[in-house]
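Excluded from the calculations below are hydrogen atoms, water molecules and symmetry mates; all remaining heavy atoms, backbone and side chain alike, are included. We count ligands from 1, going down the list as the structure has it; atoms in each ligand are counted the same way.
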Amino acid sequence: MTTALIATSALARSYAMGKTSVAALRGVDLTVQPGEFVALVGPSGSGKSTLLHLIGGLVRPSAGEVWVHGLELGRSSDAELVAYRRDTLGFIFQSFNLLPIKSAWENVAVPLMLAGVPLATRKARALTLLEQLGLAARADHRPAELSGGEQQRVAIARSLANRPRLLLADEPTGNLDSRTGKEIMNLLQRLVRDEGLTMLLVTHDMGVASFADRIVHLRDGMIERIEAVGRDGG
Ligand code: ADP
């Protein structure tokens, strides 16, 4: 247990709605080991995004604890959370969130710029990552000149720029056709296995979730069940 990368305990979050409050998450105990790929699934409104945002240090708990990499996020200062997100996490979004006027390599280098890495170093790192993701020939292209799958691969390269321990992905294939989505899922699965990363992914698509090692089913802000998916040995 002490080696867990993520450990939540009775984790809860409510949102004020006028005079009432909505319980988005109602006591979640979840442990994720380093190197695991875990999918969060459940109906709309079941609390998937809230749980992802709590673990991402973007939302604070109303009750309970959320430990990631030795830090209890609910008791951390804003500055500690900024450093935690910068140094420990990589984020992958449904809408890619690339800067339209920047080239692919400049987009990949954004987190390095924010971390104060010098230009030559960040360009070299960005180009290495793009090459790893099969995008060396696209380094100088802007997002609008790339396909959806290529844009998501640029976004994945960006998420890896700061050598994160934990990747948080929110419907990463939601804007892609099913074939491209499958390619992206294969890529993410390979990254987790080969680079020793840990990944938490939110999806409503069981086909996407099936790439994970474990599938956490949420319902009404609670864990309904956890399903182990056998690794296919590939
Ligand atoms: P999911 O990602 O599974 O669709 P969410 O975590 O987004 O679920 O939402 C869980 C519940 O919390 C929903 O009822 C939603 O309306 C509510 N909720 C989420 N975020 C907010 C917010 N910022 N303000 C008010 N209610 C919210």
Side-chain angles (χ1 to χ4, degrees), residues 5-32 36-68 71-78 80-82 84-85 88-97 148 152 155-156 159 164 166-176 178 181 184-185 188-189 192 198-229:
L5 181 66
I6 303 172
T8 78
S9 153
L11 184 62
R13 169 72 201 200
S14 315
Y15 291 101
M17 294 288 283
K19 282 183 180 158
T20 63
S21 99
V22 178
L25 217 58
R26 300 190 292 151
V28 163
D29 298 292
L30 177 68
T31 304
V32 177
E36 262 198 302
F37 175 178
V38 173
L40 301 176
V41 304
S44 179
S46 57
K48 305 182 294 292
S49 306
T50 300
L51 181 54
L52 195 77
H53 293 163
L54 282 160
I55 290 168
L58 299 164
V59 164
R60 285 182 179 275
S62 307
E65 295 188 343
V66 49
W67 290 85
V68 187
L71 198 66
E72 205 284 293
L73 304 182
R75 284 195 291 268
S76 299
S77 68
D78 288 346
E80 282 171 326
L81 290 180
V82 169
Y84 159 72
R85 289 195 296 267
T88 308
L89 302 183
F91 287 95
I92 302 166
F93 308 93
Q94 176 172 357
S95 50
F96 320 138
N97 290 6
Q152 191 57 303
I156 291 168
S159 79
L166 176 61
L167 290 184
L168 299 180
D170 197 350
E171 298 277 9
T173 63
N175 279 347
L176 303 173
S178 64
I184 291 293
M185 288 315 301
L188 290 173
Q189 193 181 48
V192 172
T198 306
M199 184 153 80
L200 202 58
L201 175 148
V202 162
T203 184
H204 67 277
D205 180 338
M206 283 310 292
V208 168
S210 69
F211 283 84
D213 303 320
R214 283 195 297 153
I215 303 176
V216 175
H217 294 260
L218 290 174
R219 182 174 289 275
D220 297 332
M222 292 188 283
I223 294 180
E224 185 178 48
R225 65 195 171 94
I226 298 182
E227 188 183 340
V229 184

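The CD atom of Q189 lies 8.5 Å from the CE atom of M199; values are rounded to the nearest 0.5 Å. Separating the CD1 atom in I6 from the CG atom in L168 is a distance of 7.0 Å, to the nearest 0.5 Å. Note that the OG atom of S9 and the CG atom of L30 stand 11.5 Å from one another [nearest 0.5 Å].
When P43, A24, S44 are ranked by how near their heavy atoms come to atom 11 (C) of ligand 1, first place goes to A24.
No option in V38, L167, L51 other than V38 meets the side-chain contact (heavy atoms from CB on, under 4.5 Å) test with L200.
Atom 3 (O) of ligand 1 has as its closest protein heavy atom K48 NZ, 2.9 Å. Nearest to atom 5 (P) of ligand 1 among the protein's heavy atoms is T50 OG1, 3.7 Å. Nearest protein neighbour of atom 25 (C) of ligand 1, counting heavy atoms only, is Y15 CB, 3.3 Å. Ranking the protein heavy atoms by distance from atom 1 (P) of ligand 1 puts G45 N, 3.5 Å first. At the shortest separation from atom 14 (O) of ligand 1 among protein heavy atoms lies V22 CG1, 3.8 Å. Nearest protein heavy-atom neighbour of atom 2 (O) of ligand 1: S49 OG, 2.6 Å.
Within a 4.0 Å radius of atom 16 (O) of ligand 1, the protein contributes no non-hydrogen atoms.
For the side-chain hydrogen bond (donor to acceptor under 3.5 Å, both in side chains) condition, no pair includes a residue of residues 40-57, sequence neighbours left out.
In this structure, the side chain of E224 does not engage the main chain of V216 through any donor-acceptor pair within 3.5 Å. Without hydrogens or angle criteria, R13 side chain to G221 main chain gives no donor-acceptor distance under 3.5 Å.
Residue-to-ligand polar distances keep M17 apart from ligand 1: every N/O pair is separated by 3.5 Å or more. Among the atoms of G47, some N or O lies under 3.5 angstrom from an N or O of ligand 1.
Close approach of ligand 1 to S46 (heavy-atom distance below 4.0 Å) involves ligand atoms 1 (P), 3 (O), 8 (O).
For M17, the side-chain contact (heavy atoms from CB on, under 4.5 Å) partners are T20, V22, not counting sequence neighbours.
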